[in-house]
Amino acid sequence: MPTDVTTDDVPSWLVDALTGLAAGDIDAWLGAFAEDGVHEFPFATAREVRRLEGKEAMRAHLTRVAGGVRFGSLDDLRVHATRGGLVVEAEGHHEDAATGAPFDLRYVWIITHRAGRITLLRDYMGPRRPRRTEEV
């Protein structure tokens with residue numbers, strides 16, 4: 001869970017999901033989804049996965065992704081409540097599982113939920129960028 005956001009800012013079900021994802025716990029992440037939930041990637045190319053329907057499709061995809069990525073922390077998290085949903089902005093700090101090279105991803109998620117379960121997550125993930133280092 002990001003350190004710069006209080007849990008009062010984020011619904012508890014999302015806190016649990018993000019904490020699980022950062023720990024590599026796919027089940028904790030999927031626990032936030034309805035059984036018939038959908039995860040879309042609108043910016044994906046024609047050769048990439050664009051839509052996952054149901055938890056089992058999401059599990060299979062995340063298992064493949066987790067083989068190449070060590071999920072890390074999120075920061076600069078902003079959560080905006082909308083009617084029937086959330087807009088979440090965050091900066092992810094991850095590592096390439098094969099090389100250990102750190103990289104960052106910027107996320108914008110548009111989430112529709114019902115009773116604390118995600119029914120649709122539109123994942124507008126930015127391009128993978130090498131980790132920036134600040135000069136001392």
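Not measured: the values here are computed from a predicted model.
No side-chain donor from either of His39 and Glu53 sits under 3.5 Å from a side-chain acceptor of the other.
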>> Please evaluate residues Asp36 and Lys55 with respect to the criterion salt bridge (charged side-chain N to carboxylate O under 4.0 Å, His left out), reporting the C-alpha separation (whole Å), side-chain torsions for both, the decisive distance (0.1 Å), and the verdict.
In response: CA-CA 7 Å; Asp36 60 347; Lys55 285 185 176 184; over 6 Å; no
>> Show, in sequence, the C-alpha distance, side-chain angles and deciding distance for Arg70 and Asp96, and conclude whether the salt bridge (charged side-chain N to carboxylate O under 4.0 Å, His left out) test is met.
In response: CA-CA 6 Å; Arg70 277 191 218 100; Asp96 184 291; over 6 Å; no
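Two residues are said to be in side-chain contact when any heavy atoms from C-beta on lie closer than 4.5 Å; Arg129 and Leu105 fail this criterion. Residues Leu62 and Leu30 are in side-chain contact: their nearest non-hydrogen atoms beyond the backbone lie under 4.5 Å apart. Looking only at side-chain heavy atoms (C-beta outward), Asp75 and His93 come within less than 4.5 Å of each other. Residues Leu74 and Leu18 form a side-chain contact, since some pair of their non-hydrogen atoms from C-beta on lies under 4.5 Å apart. Side-chain contact check for Glu40 versus Asp123: every heavy-atom pair is 4.5 Å or farther apart. When side chains are defined from C-beta on, Val87 does not count as touching Trp109, because their heavy atoms never get closer than 4.5 Å. Using a 4.5 Å cut-off on side-chain heavy atoms (C-beta onward), Arg78 and Val88 make no contact. Inter-residue side-chain proximity for Phe43 and Met125 is flagged as unmet; no heavy-atom pair is nearer than 4.5 Å.
The cluster map of Ile, Leu, Val, Met, Phe, Trp and Tyr, joined by side-chain heavy atoms under 4.5 Å apart, puts Val79 and Trp29 in the same cluster. Taking hydrophobic clusters as Ile, Leu, Val, Met, Phe, Trp and Tyr residues chained together by side-chain heavy-atom distances below 4.5 Å, Ile110 does not share a cluster with Val10. Hydrophobic clustering (ILVMFWY, side-chain heavy atoms < 4.5 Å, transitive): Phe33 and Tyr107 are in one cluster. Connection of Val108 to Leu52 is not established within any shared hydrophobic cluster, with ILVMFWY side chains joined at heavy-atom distances below 4.5 Å, either directly or through further cluster members. Following chains of ILVMFWY side-chain contacts shorter than 4.5 Å, one can reach Leu21 starting from Val49, so the two form part of one hydrophobic cluster.
Taking the charged nitrogens against the carboxylate oxygens, Arg128 and Asp104 have no contact shorter than 4.0 Å, which rules out a salt bridge.
Taking the six-membered ring for Trp and thresholds of 30 and 60 degrees, Trp13 and His113 have ring planes inclined between 30 and 60 degrees apart.
No donor-acceptor pair under 3.5 Å is formed between the side chain of Arg106 and the backbone N or O of Tyr124. Side chain of Thr119 to main chain of Thr112: a donor-acceptor pair is present (N/O by atom type, distance under 3.5 Å, no hydrogens or angles). At least one donor-acceptor pair closer than 3.5 Å links the side chain of Arg50 to the backbone N or O of Ala44.
In this structure, His61 has its ring center closer than 6.0 angstrom to the ring center of Phe41.
What you find for Ala28 and Gly20 is that their closest heavy atoms are CB-CA, 3.6 Å. Ala22 and Gly72 make their closest contact through CB-O, 3.3 Å (heavy atoms, listed as atom of the first residue, atom of the second, distance).
Annotation: the span from Arg114 atom CZ to Ile118 atom CD1 amounts to 11.5 Å, rounded to 0.5 Å. To the nearest 0.5 Å, atoms CD1 (Ile26) and CZ (Arg59) are separated by 7.5 Å. Atom NE2 of residue His94 and atom OG of residue Ser73 lie 8.0 Å apart, to the nearest 0.5 angstrom. Taking CG of Leu14 as the reference point, atom CD1 of Ile111 lies at 5.5 Å (rounded to 0.5 Å).
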